[in-house]
*Asks:* 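Got a structure for you, written out below as structure tokens; questions coming shortly.
Sequence lines set the chain letters: A, B, ... in the order given, protein chains first and strands last, and positions in each chain run from 1.
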Amino acid sequence: MTTETPLELKKTVNLPKTSFAQKANLAQAEPVRLKKWEGLNLYRMIREARRGREKFILHDGPPYANADIHLGTALNKIVKDFVIKSRTMLGYDAPYVPGYDCHGLPIELFVDKKLGAKKANMPAVSVRRACREHATEALKRQTRDFQRLGILGLWENPYLTMSNQYEADTARLFGRFVERGYVYKGARPVYWCVYDQTALAEAEVEYREHTSPSVYVKFPLASDPSEIDPALAGRKVFFLIWTTTPWTLPANLAIAVNPNFEYAVIENGAEVYVVASELAGAVAEKCGLDAPRIVARFPGAKLDRLECRHAWLERRSLVILGEHVTLGGEADAETELDVREARDKSVTGKAGTGCVHTAPGHGHDDFVIGKQYGLDIYCPVDHAGRFTSEVEHFAGERVFEANAKIVEFLRERGALLFSENYNHRYPHCWRCKNPVIFRATPQWFISLDARSAEAAVEQDEDGRDITNYTDNETDAPESLRAGALREVEQSVRWIPAWGEDRMRNMLKNRPDWCVSRQRVWGVPIPAFYCKGCNEAIADASVIKHVAGIFERETSDAWYAREAQELLPAGFACPKCSATAFTKETDILDVWFDSGSSSVAVLEHYEELHFPADMYLEGGDQYRGWFNSSLMVGLAAHDRAPYRTVLTHGWVVDGQGKAMHKSAGNSVSPNDVIKGSGAEIIRLWCASSDYHEDMRCSEEILQRVSDAYRKMRNTARFALGNLDGFDPARDGVETGELLEIDRWALAELDTVTERVRAAYEAYEFHTVYHTLYHFCTVTLSARYFDIIKDRLYTAAPRSAARRSAQTALHRIADALARLLAPVLVFTADEIWENIPRGTGGTEAAPASVHLAEFPTVSGERDEELQERWTRLFEMREGVLIKLEAARNQKVIGSSLEARVSLVATGEHYKFLKEYEEQLRYIFIVSQVSVSEVHTTSGAVKSPIAVTVMVERAGGEKCERCWSYSVRVGESARYPTACERCVEALAEIEREGGAA
RNA sequence: CGCGGAGUAGCUCAAUGGCAGCAGCACUCGACCGAUAAUCGAGCGACGGAAGGUUCGAUUCCUCCCUCCGCGACCA
């Protein structure tokens, strides 16, 4: 049966047709899809779909709810989303509850600035309300931005560290530390403004030019000098120190020297002075000693624990060793508070003596080393900056005014070797612009080394690694440090592995945790002071009571209510039985807040549980959240709150430099979203190895966009050729597929396996590279290019075409699934455009995000893959010859070519088998394979197969564009080749073009 | 300065104690004009941050140096 008139050849070619647009228009399309997901309540649907599956809990570290998100925040959230989505598609039930860190100084500072002078007269509750509003605003904006990135989660009910429940839990957890005996009250130096009479945070300090007296002061050695060196026996030995804050001298308790430096003793008349060798000349010159003789030299380490007498007081000053001592005067400057400046300067003045005046109550390094040596944190200066009554000679003096008097006093006593005015940058109060001091004030600490009062052994509720701590049941109560080290080494998996070293190092060195902050925007430390005996009361049961109030009223209650209203009825001081109390004014360090999340969140949301399977943050969190969370986990449950800790690197610019808004090299995620779409940021996150620093620049994003377009086009080609394909009706059994189609599916299986494994291992860049390579090389350049002919020219319903479509269908489906965690929007778009079987057994889920990854059947035909690897190698060689022919103008299109292969023995046999297919594989019109016998003595070609290219014979077929000598044989279709004539007949039988 | 990390082609990544990759992109040239603001091909491109050492042989193991990054600061 033939139709009346011959068909128009052009119309019988099956060109791709799809509603999947070539141009993504992501910036516009993404919001539309987000709306759709919202309409579906996709996150809820996913939860339903995975109900009852094994849980995977990624616990979200809360970003700080202050400013808008930046690329680093975006990276963090996107990588988390990769984890959540890939675990979901691997079959886990992986809920995602996002959170926000809402308390803390940056917000309070922001509010301070906004309120200006008004703040001074405002009650704390009002300031806190303003802070709460600011955090609420910020977290709303962040939420919007995170959602815009395609991150699915429980956005309607995130956890906020300022919620009443969270604040109550934070207080309860502090109570837990108290209960176990980890909490104590001590002193610690902080920036202090003597005019505003308040503690200042580092961020509230600014550096300005300031003139201080620079003094060189002699401290007489009390120990036997011959202990240092026999040459010193009987000499009057002094340690020479330098300082620019003479007022801290009354608080001097030690002199620090560097154990690794060489020290020298220089002679000045009857006296000799100990100074660092390298500085001896400079010091001598400064102090006007001419060409002093050096009496002895020795390493600083020899001086450990010698005793000096204070320059004028009847008190010892211990010689101690500290690596912080330098030759540039910086360590001294630390005491003087301008260490930051000193460090920033590339050139530091050669001031100092190598013997550092140490006052643990007035300097940070001094405090740290003082603790090591068990020195008092001595601070005889009151809140107004006056010496207390215990300071001889200067009691009641204001410290800045006392400077000059102390210098004079030193001079009179003969303890001063030299003094001058010294200009340097010195910290000032950002508000009143006056110079500040470092002053030790009382603070609450959590001890790292105290043994706990009780050992709480509990069972892991899901019992996964209960054996990990059954051993501990008999253990004696341990310190936080010991417990932390045990967990870090034994029960946490660190990715990358060096995280363990990093964490261990940090834990070994970290000092006690100072949890006090002299601020109002945070969770108040629920402690009281007895008005009768001044006893500080931090009591577990009292704290529980207070937490109950917080639970109802938020911690604003602390400021809104009197102490009596916060205490349990009838509470009396355990020491003096008085019943009047004042409230603690310090709040908790925000790290305590966020550290509490393992309990406050994981045990609060029904879908979560303690411990989390994973914490995933930037490397900065080793000292931050990983650390504070670990402490809380130990206090609450004697174990780490995480099973695995995964860290990512920092975002840097194209040169590998850190990004700073001020440096102008930062990339704003919102700009990229507006220009290219969130998908491009996501793809960038997947494209490079996030374990290290991630570079981002125009060029890099351009590359990523290119890659995106390539993958999109690859998917589009597959979809375009599936028009009218019904997998249930038209699908071909695997065994019936053409060999090359089976090869493509075998390659897909290989890729599927690799990608699944990469997702399992959180190696997202491997996912990206594997899929990208698959799209560009395996599919676009090879498979698609080859099957194009068949798809376009074979009869629409022919077995040959259906075979290719069956493969394409499976490829498109797998690609959508495998891509889904990364390209959340595009994968879903692909998914929608995949034709679904009318008679399919199960309906495809409404979104790819409800689906699971494809699985691999198991029996992959490796032999098939090897054969095709060989064929493609052959193809490479042919392509090179084709290119040569093209350059010589023998051919233009490869279809204008005829290829002759001359091969020996086994090669011949192999190629001969494929002779019919080779023209398609090479995309030429004709291929012949012939055998040649190598004769000994003949010129031996190093290549076993010789390739020759010539112009194809015959005419170009109008329909399929290949050349054939048989074009013209058909009267009905005189411009078509024999293959097309056959296809046309089939089309006509079926009633016209598809 | 301490602790930790990194340094393979312009970019993003591989592999391996043995000639550095069937790399992809970019770039150059070319083909095609039936994936078309596409597609295909060819070419170009790293002496492995520098220097030592172990080894028959190292990019891969060790030492040291340089550069960059993070933490030490209430930034992911």
*Asks:* When the P atoms of rG41(B) and rG24(B) are considered, how many whole Å apart are they?
*Replies:*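 Nearest-Å result for rG41(B) against rG24(B) at atom P: 9 Å.
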*Asks:* Consider the side chain of Y772(A), meaning its heavy atoms from C-beta on, and name the nucleotide among rG4(B), rU39(B), rC25(B) that approaches it most closely.
*Replies:*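 The answer is rC25(B).
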*Asks:* At 4.0 Å (heavy atoms only), tell me whether S780(A) reaches a base, stays on the sugar-phosphate, or touches nothing.
*Replies:*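 The answer is base, as S780(A) lies within the cut-off (heavy atoms under 4.0 Å) of a base atom.
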*Asks:* Is the base of rA76(B) touched by the side chain of H70(A) through a donor-acceptor pair closer than 3.5 angstrom?
*Replies:*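 Result: at least one qualifying N/O pair found.
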*Asks:* Checking all strands, does G72(A) fall into the base, sugar-phosphate, or nothing category for heavy-atom contacts under 4.0 angstrom?
*Replies:*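 Base contact.
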*Asks:* Indicate yes or no: does E500(A) engage R504(A) in a salt bridge with an N to O separation below 4.0 Å.
*Replies:* yes
*Asks:* When you check the gap from the basic side-chain N to the acidic O, do R519(A) and D586(A) get nearer than 4.0 Å?
*Replies:*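 Salt bridge absent between R519(A) and D586(A).
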*Asks:* Can you tell me which nucleotide in rU12(B), rA35(B), rG34(B) comes closest to the side chain of L15(A)?
*Replies:*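 From the listed options, rG34(B) comes nearest.
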*Asks:* Any base atoms under 4.0 Å from R510(A), or only sugar-phosphate, or nothing? Heavy atoms, all strands.
*Replies:* nothing
*Asks:* Of the nucleotides rC33(B), rU12(B), rC40(B), which one has an atom closest to the side chain of K956(A)?
*Replies:*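 Side chain of K956(A) sits closest to rC33(B).
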*Asks:* Evaluate the criterion ring pair (Phe, Tyr, Trp, His ring centres under 6.0 Å) for residue pair Y642(A) and W625(A); output intermediate values, then yes/no.
*Replies:* CA-CA 12 Å; Y642(A) 35 69; W625(A) 195 50; 7.9 Å; no
*Asks:* Of D706(A) and E692(A), whose closest RNA chain B nucleotide lies nearer the 5' terminus?
*Replies:*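 Residue closer to the 5' terminus by nearest nucleotide: E692(A).
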*Asks:* Does T776(A) make a side-chain donor-acceptor contact with the base of rA23(B), cut-off 3.5 Å?
*Replies:* no
*Asks:* For the P atoms, the ones on rA9(B) and on rG5(B), what distance do you get once it is rounded to whole angstrom?
*Replies:*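 These two P atoms come out 22 Å apart once rounded.
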*Asks:* Quick check: does any side chain N or O of D512(A) sit under 3.5 Å from a backbone N or O of L448(A), one acting as donor and the other as acceptor?
*Replies:* yes
*Asks:* What interatomic distance, in whole Å, is found between P of rG48(B) and the corresponding atom of rG7(B)?
*Replies:* 15 Å
*Asks:* Just by distance, no angles: are the side chains of S597(A) and H59(A) close enough, under 3.5 Å, to form a donor-acceptor pair?
*Replies:* yes
*Asks:* Given rA35(B), rA26(B), rG41(B), identify the nucleotide with an atom nearest to the side chain of A781(A).
*Replies:*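 Comparing rA35(B), rA26(B), rG41(B) against the side chain of A781(A), the answer is rG41(B).
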*Asks:* Angle between ring planes, Y615(A) versus F626(A), binned at 30° and 60°: parallel, tilted or perpendicular?
*Replies:* tilted
*Asks:* Among rG24(B), rA26(B), rC74(B), which is the nearest nucleotide to the side chain of P106(A)?
*Replies:* rC74(B)
*Asks:* Just N and O in the side chain of K710(A): are any of them under 4.0 Å from OP1 or OP2 of rA38(B)?
*Replies:* no
*Asks:* With P as the reference atom in both, quote the distance from rC22(B) to rG30(B) in angstrom, rounded to an integer.
*Replies:*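 29 Å, rounded to whole Å.
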*Asks:* Heavy atoms only, 4.0 Å cut-off, all strands: where does W961(A) land among base, sugar-phosphate and nothing?
*Replies:* base
*Asks:* For rC3(B), what is the paired nucleotide under Watson-Crick or G-U wobble rules, both distances under 3.5 Å?
*Replies:* rG70(B)
*Asks:* Applying the Watson-Crick and G-U wobble criteria at under 3.5 Å, what pairs with rG57(B)? Answer none if nothing qualifies.
*Replies:* none
*Asks:* When you match K23(A) and S687(A) each to their closest nucleotide on RNA chain B, which lands nearer the 5' end?
*Replies:* S687(A)
*Asks:* Using a cut-off of 4.0 Å on non-hydrogen atoms, how would the nucleic acid contact of Y768(A) be classed: base, sugar-phosphate, or nothing?
*Replies:*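 Here Y768(A) touches no strand at all.
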*Asks:* Is a donor on one side and an acceptor on the other found under 3.5 Å between the side chain of T73(A) and the backbone of H70(A)?
*Replies:* yes
*Asks:* In terms of side-chain heavy atoms of P63(A), which of rC40(B), rC25(B), rA76(B) is nearest?
*Replies:*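 Per side-chain heavy atoms of P63(A), the pick is rA76(B).
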*Asks:* Between rC69(B) and rA15(B), how far apart are the C1' atoms? Round to whole Å, please.
*Replies:*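 About 26 Å, rounded to a whole number of Å.
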*Asks:* Tell me what H765(A) touches on the nucleic acid: a base, only sugar-phosphate, or nothing, going by heavy atoms under 4.0 Å.
*Replies:* sugar-phosphate
*Asks:* rC25(B), rU36(B), rA42(B): which one has an atom nearest the side-chain heavy atoms of R716(A)?
*Replies:* rU36(B)
*Asks:* Quick one: is R709(A) getting a side-chain N or O under 4.0 Å of the rA38(B) phosphate, OP1 or OP2?
*Replies:* yes
*Asks:* How far does the C1' atom of rC61(B) sit from the matching atom of rU55(B), given to the nearest Å?
*Replies:*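 These two C1' atoms come out 10 Å apart once rounded.
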*Asks:* Between Q443(A) and V190(A) (side chain of the first, backbone of the second, donor and acceptor by atom type, cut-off under 3.5 Å), is there such a pair?
*Replies:* no
*Asks:* Under a 4.0 Å N-O cut-off, is there an ion pair linking R870(A) with E873(A)?
*Replies:* no
*Asks:* Does rG24(B) have a Watson-Crick or wobble mate here (both distances under 3.5 Å), and if so which one?
*Replies:*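 Base-paired to rC11(B).
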*Asks:* Give V651(A) one of three labels, base, sugar-phosphate or nothing, depending on what nucleic acid heavy atoms sit under 4.0 Å from its own.
*Replies:*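 Here V651(A) touches the bases of the nucleic acid.
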*Asks:* Any chance you could measure D101(A), atom CG, to S594(A), atom OG, to the nearest 0.5 Å?
*Replies:* 5.0 Å
*Asks:* Is the terminal nitrogen or CZ of R712(A) (NZ for Lys, CZ for Arg) located under 6.0 angstrom from the six-membered ring centre of F20(A) and within 45° of that ring's axis?
*Replies:* yes
*Asks:* Quick one: is Q22(A) getting a side-chain N or O under 4.0 Å of the rA35(B) phosphate, OP1 or OP2?
*Replies:*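 No, no such contact exists.
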*Asks:* Looking at rC11(B), rU39(B), rG24(B), which one has an atom nearest to any side-chain atom of D785(A)?
*Replies:*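 When the side chain of D785(A) is considered, rU39(B) is the closest of rC11(B), rU39(B), rG24(B).
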*Asks:* Please tell me if the side chains of T647(A) and I495(A) come closer than 4.5 Å, counting only heavy atoms from C-beta onward.
*Replies:* no
*Asks:* Please tabulate, one pair per line, each protein N/O and nucleotide N/O from nucleotides 69-71 of chain B that are separated by under 3.5 Å, including the distance.
*Replies:*
{"from": "rC69(B)", "atom 1": "OP1", "to": "A658(A)", "atom 2": "N", "distance (Å)": "3.3"}
{"from": "rC69(B)", "atom 1": "O4'", "to": "D693(A)", "atom 2": "OD2", "distance (Å)": "3.3"}
{"from": "rC69(B)", "atom 1": "O2'", "to": "D693(A)", "atom 2": "OD1", "distance (Å)": "3.2"}
{"from": "rC69(B)", "atom 1": "O2'", "to": "D693(A)", "atom 2": "OD2", "distance (Å)": "2.6"}
{"from": "rC71(B)", "atom 1": "O2'", "to": "R623(A)", "atom 2": "NE", "distance (Å)": "3.1"}

*Asks:* Give each protein N/O atom lying under 3.5 Å from an N/O atom of nucleotides 29-31 of chain B, with the pair distance.
*Replies:*
{"from": "rA31(B)", "atom 1": "O2'", "to": "G892(A)", "atom 2": "O", "distance (Å)": "3.1"}

*Asks:* Determine whether a donor-acceptor pair (one donor, one acceptor, N or O, separation below 3.5 Å) exists between the side chain of K10(A) and the base of rG34(B).
*Replies:* yes
*Asks:* Would you say rA35(B) has OP1 or OP2 under 4.0 Å from some side-chain N or O of Y792(A)?
*Replies:*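 Checking rA35(B) against Y792(A), a side-chain N or O does come within under 4.0 Å of OP1 or OP2.
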*Asks:* Does rC33(B) have its OP1 or OP2 closer than 4.0 Å to a side-chain nitrogen or oxygen of K788(A)?
*Replies:* no
*Asks:* Sub-3.5 Å donor-acceptor pair from the side chain of N665(A) to the main-chain atoms of H660(A), do we have one?
*Replies:*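 Confirmed, N665(A) side chain pairs with H660(A) backbone.
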*Asks:* For D653(A), is there an ion pair with R695(A) - N to carboxylate O distance below 4.0 angstrom?
*Replies:*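 No salt bridge links R695(A) with D653(A).
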*Asks:* Identify the pairs formed between an N or O of the protein and an N or O of nucleotides 62-65 of chain B at a distance under 3.5 Å, and give each distance.
*Replies:*
none

*Asks:* Within the structure shown, what part of the strands sits under 4.0 Å from E958(A) by heavy-atom distance: base, sugar-phosphate, or nothing?
*Replies:* base
*Asks:* Tell me which nucleotide among rA76(B), rA35(B), rC25(B) gets nearest to the side chain of E617(A).
*Replies:* rA76(B)
*Asks:* Could you give the distance separating rC11(B) and rC27(B) at their C1' atoms, to the nearest angstrom?
*Replies:*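 Their C1' atoms lie roughly 12 Å apart.
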*Asks:* Within the 3.5 Å criterion, strictly below it, is a donor on D501(A) or W494(A) matched to an acceptor on the partner's side chain?
*Replies:* no
*Asks:* Considering every strand and a 4.0 Å limit on heavy-atom distances, what is the contact class for R870(A): base, sugar-phosphate, or nothing?
*Replies:* nothing
*Asks:* Between rU28(B) and rG45(B), how far apart are the two C1' atoms, rounded to whole Å?
*Replies:* 11 Å
*Asks:* Going by the angle between their ring planes, with limits at 30° and 60°, are H769(A) and H765(A) parallel, tilted or perpendicular?
*Replies:* perpendicular
*Asks:* For L105(A), report the nucleic acid contact type (base, sugar-phosphate, nothing); a contact means any heavy atom under 4.0 Å.
*Replies:* base
